[in-house]
Chemist: 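Structure below; questions to follow.
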There are 2 protein chains.
Amino acid sequence: MSKTTKRALSGCPIDYALSVVGDGWTLLIIRDIAIKGARTYAELLEGWEGISTNILAQRLRHLEEAGVLEKRKNPTNWRSFNYELTPKGRDLAPLLSELILWGGKYNKAENPMTDTVTQVRSDRVGFERNILDAESGEN
Amino acid sequence: MSKTTKRALSGCPIDYALSVVGDGWTLLIIRDIAIKGARTYAELLEGWEGISTNILAQRLRHLEEAGVLEKRKNPTNWRSFNYELTPKGRDLAPLLSELILWGGKYNKAENPMTDTVTQVRSDRVGFERNILDAESGEN
DNA sequence: CCTATCAACTTGCTTTTTGCAAGCTGATAG
DNA sequence: CTATCAGCTTGCAAAAAGCAAGTTGATAGG
């Protein structure tokens, strides 16, 4: 299923959404940026699940091209870059909410992120505002 | 990224959710059942995007094992089966809403499913109730 | 200048997953 | 006892993911 087959062209909004964020890694990257506060390439590499470096680079490029992320110079470390969500990326906040609620409801494993589930359950609006209102330069 | 690596075990609800519905095809299958009303293997094969038969079989097995789908005999055609959403599967309705809203907002292609986007925008509760209240035997 | 540093990638190769076409299965209608 | 047909399997080629090691390039320190 190549990236630009009938998939994105079917015109179905679900299909379009999945063509942008529908692979196994993309929403974890967005989670790390939106919730965990990861910003640099190195921070994203260290995520809990261990994405490999070539795949991370590829996905970041894809997300930039899709207008979900923006790469900008880190103001304090000249050789580092910050990946930030664009408004389009921040608009994924409600999707994250639903993933957290559904995952929190049905995942029976031990849960280090119980606090996040609890937060979304008790104050979904606040959770999403944290993501939506994130300042990132101008945008 | 095998199906049962650290991914599902990280305890993160997003990670768990993605381990169940996070690949490119799964949510399209759920869309076809929940929205398009597809029920049989053959109907699912004919979806707009053209999933291949071995992958469809694999995904259906995975979704059954995860408790999202249920396979039951078709009452009118003895050699056919119906795939139906379980309560866990129907609980994905809000996730579909968000995908549709996000996809509808940012997809700039021609859009055969504009009606669905419009419906979710104007009556999200009703849209989700259609999925959540679907009768499917006992459940 | 010139060399070491280090964040951010690339590259090359192996393993896994996907895609496609063709074939198998098995209950029943005729 | 044979054809049918929905629902799959199987085999093989192509694409994607995973892993380890190497490359790049601006600058800080000598």
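Heavy atoms only: backbone and side chains are in, while hydrogens, waters and symmetry mates are out. Within every chain, numbering begins at 1; the chains are lettered A, B, ... in the order of the sequence lines, protein sequences first and strands thereafter.
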Chemist: Looking at C:dT18, D:dA26, C:dG19, which one has an atom nearest to any side-chain atom of A:W78?
Modeler: D:dA26
Chemist: Do B:Y41 and B:T53 have a side chain donor and acceptor closer than 3.5 Å?
Modeler: yes
Chemist: To the nearest Å, how far apart are A:I55 CD1 and C:dT15 P?
Modeler: 17 Å
Chemist: Nearest nucleotide by nearest heavy atom, which residue falls closer to the 5' end of DNA chain D, A:T53 or B:R61?
Modeler: B:R61
Chemist: Provide, to the nearest angstrom, the distance between the CG atom belonging to A:N74 and the P atom belonging to D:dT27.
Modeler: 14 Å
Chemist: Please state whether the phosphate of D:dT9, meaning OP1 or OP2, lies under 4.0 angstrom from any side-chain nitrogen or oxygen of B:Q58.
Modeler: no
Chemist: Looking only at non-hydrogen atoms, find the nearest pair between A:G11 and B:N107 and report the distance.
Modeler: O-ND2, 3.7 Å
Chemist: Would you indicate which nucleotide in D:dA6, D:dC8, D:dG18 comes nearest to any side-chain atom of A:W25?
Modeler: D:dG18
Chemist: Answer with yes or no whether B:R79 presents, from its side chain, a donor or acceptor under 3.5 Å of a partner atom in the base of D:dT4.
Modeler: yes
Chemist: Can you tell me the distance, in whole Å, between the CD atom of B:E49 and the P atom of C:dC20?
Modeler: 13 Å
Chemist: What is the distance, rounded to the nearest whole Å, between atom CG of A:L44 and atom P of C:dA7?
Modeler: 14 Å
Chemist: Please check the phosphate of D:dC8 (OP1 and OP2 only) for any side-chain N or O of B:K71 closer than 4.0 Å.
Modeler: yes
Chemist: From the set D:dG7, C:dT5, D:dT27, return the single nucleotide nearest to any side-chain atom of B:Y41.
Modeler: D:dG7
Chemist: Return the value, rounded to whole Å, for the distance between atom CG of A:N54 and atom C1' of D:dT24.
Modeler: 17 Å
Chemist: Could you give the CZ-to-C1' distance, from B:R39 to D:dG7, as a whole number of Å?
Modeler: 18 Å
